[in-house]
J.: 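Could you have a look at this structure, given as C-alpha cells, before my questions?
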Amino acid sequence: MNEPHAAVVAEEFVALYGREPEGVWQAPGRINLIGEHTDYNDGFVLPVALPHAARVAVARRDDGVVRVHSSQGAGAVVEFTVDSLAPGSVAGWAAYPAGALWVLREDGHALPGIDLHLDSDVPFGAGLSSSAALQCAVLLALDDLLGLGVARPRLARLAQRAENDYVGAPVGVMDQTASLCCAEGAALFLDTRDMAQRQVPLDLAAAGLVLLVVDTRVEHGHADGAYRQRREGCERSADLLGVKALRDVEASGGAELDALLARLPGEELRRLARHVVTENARVLEAVRLLDEGRLRALGPVLTAGHASQRDDFAISCPQSDTAVDTALVAGALGARQTGGGFGGCVIVLTEPARVPGITAAIAAAYAARDGWNAPAFFTATPAPGARRLR
Ligand code: ADP
Ligand code: MG
C-alpha cells in the first residue's frame, strides 16, 4: 500500500541530492483512544497508529555534514554538521531530525553525516503527533542504516529525550511509543512507567463501528506554557501526596479519592490530580472492555474522559466541546478530544450509518459560529507502526 509513497519520496530525494537514497522508512501519526496526560505521570495510555505517516529517504555522507529537506518545510535545504549539534543549535522544523541525531550521539553512537528528505501526510499541530512521526522515522532510519539494534521501546525513550531536551517540548513518551510500537488492527496498551506493552485487538468493523476523527482546526502548541504548567502541577501534586507519580495514588475514584485529594492545597491541584487518577482508571476499564469484545461500551468511557479533560484538567476548547456534544446529540456512542489538548482532533465512536449525520451536524454547528475554521473529517483504521518501506 505504501510502496507508491516510498517511490515518490525516493524520486524527490534523487531530484534534490543527485543520488539514490539508501532506503525509505516511515513512522505513523496516532490517535489516543484514552489516557491523556497520563504519560508523564508514569500512567497508562491506549493509542492507535494511523495510516498517516512521515516518510524519510536517507543516505549517509562521509564528511559529517547533514542536509535535511521537507516537502512541508519552507522549501530550503537546512544544513548543519554532526559535530556542532547541541540543544538549540538547529531551529525550526529541522530541530526534529537534528534532535534525533543529537540523542543518538549522546547515547554513545558514532554518527556519519546524512542527506535526508521528508514527506509527511500527518497534519501539523492537529493532535495526531506529526512531531513524533517525524522524529521516529528519522531514528528508525538511523538505527537501521547504522545497525544499532536499539529495541523499539528504548528508541521511543530516545525520541522523547530528543523532543524534551533538544526541541524543548516537555512531552511524555506516548506519541513516540505509539509511532514505533503500534501494530495493525490493534490499540497499544502501554504502561509508561516500565514501557510494558500489549497489543489489544481493535476490530471496529467486526463490531459494526467506526472511529470518526474530527479535526477541530484549532492548532495546539506543546511547547507552550499551558502544557508545561499542567505537567508541573501534576508533579507538585505527586510530591505533596507523597507518591513518586500520580500513577501511584491508591484510590481510583469516588469519596475515597476526594478524601485523599483534600490533602492538596487548592482546587486547581486537586482537579489536575483527579483527572490523571481517574484517567488511568479509564484506560484500564477501556482495555477490559476491548478484551471482552464490548466495543460499544467503550463509548461512555470516552465521553467521561472528555468531561474530565474539560472540567478537571481544563485542556479542551469550545471547538472540541462543540464537536463532542454535537456528535453525542447526533447519536454517537462516545466522543472525546484526543492528544495534548487545547484543540487538535476529537474522536467519535459510532456506527458507520451515523457518520454522515454526525459530520453534517458538526459542520453546521461550526458554521454557525463566528471565526471558526470548517472542521475536517476522516475515519481511523488501526495501521502498523514504523517500518522500512524499501
Ligand atoms: P503534533 O505533533 O501534534 O502534530 P507538534 O507541535 O508537537 O504537533 O509538532 C508539530 C511540528 O512538527 C511542526 O510545527 C513542525 O516543526 C514539525 N513537523 C512535523 N511534520 C513535519 C514535516 N512534514 N515537515 C516539517 N516539519 C514537520
Ligand atoms: Mg507533537
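Predicted model, so just to flag it, every value in this text is computed and none were measured. Indexing begins at 1, ligand by ligand and atom by atom, following the structure's order.
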J.: Taking C-beta and beyond as the side chain, do S308 and R282 meet within less than 4.5 Å on heavy atoms?
T.: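 Side chain of S308 against side chain of R282, heavy atoms only: contact under 4.5 Å found.
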
J.: So, Y366 and T216: side-chain donor and acceptor under 3.5 Å apart, yes or no?
T.: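 Short answer, no.
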
J.: Just heavy atoms, cut-off under 4.0 Å: does P123 contact ligand 1 by side chain, backbone, both, or neither?
T.: backbone

J.: Of all the atoms in S129, is at least one N, O or S atom closer to the Mg ion (ligand 2) than 2.8 Å?
T.: no

J.: Can you confirm whether more than 12 heavy atoms, excluding those of E250, are under 6.0 Å from its CD atom?
T.: no

J.: With atoms numbered from 1 as shown, which atoms in ligand 1 lie under 4.0 angstrom from a non-hydrogen atom of S70?
T.: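 Listed by number with element, the hits are 22 (C), 23 (N), 24 (N), 25 (C).
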
J.: Would you call D115 and R19 a salt bridge, taking side-chain N to carboxylate O under 4.0 Å as the test?
T.: yes

J.: Calculate, to the nearest 0.5 Å, the distance between atoms SG and CG belonging to C234 and L272 respectively.
T.: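 If we round to the nearest 0.5 Å, C234:SG and L272:CG are 5.0 Å apart.
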
J.: Does ligand 1 have any atom sitting under 4.0 Å from a heavy atom of G125?
T.: yes

J.: Taking distance alone, with no angle check, do W93 and ligand 1 share an N/O pair under 3.5 Å?
T.: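 N/O-N/O distance below 3.5 Å does not exist for this pair.
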
J.: Is G339 near ligand 1, meaning one of its heavy atoms is under 4.0 Å from it?
T.: no

J.: Can you tell me how far the CZ atom of F44 sits from the CD atom of E279, to the nearest 0.5 Å?
T.: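 Between F44 CZ and E279 CD, I get 12.5 Å after rounding to 0.5 Å.
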
J.: Are Y227 and H37 an aromatic pair by the rule of ring centers under 6.0 Å?
T.: yes

J.: What are the atoms of ligand 1, with element, lying closer than 4.0 Å to any heavy atom of L118?
T.: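 Answer for ligand 1: 22 (C), 23 (N), 24 (N).
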
J.: Do other residues, nucleotides or ligands put more than 12 heavy atoms under 6.0 Å from E267 CD?
T.: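 Buried by this count: over 12 neighbours within 6.0 Å.
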
J.: Does any N or O atom in S130 lie less than 3.5 angstrom from one in ligand 1, N or O only?
T.: yes

J.: Look only at interatomic distance and state if G73 has a nitrogen or oxygen under 3.5 Å from any nitrogen or oxygen of ligand 1.
T.: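 Such a contact does not occur with ligand 1.
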
J.: Give the numbers and elements of all ligand 1 atoms closer than 4.0 Å to a heavy atom of S120.
T.: 23 (N)

J.: Ligand 1 versus V171, non-hydrogen atoms closer than 4.0 Å: side chain, backbone, both, neither?
T.: neither

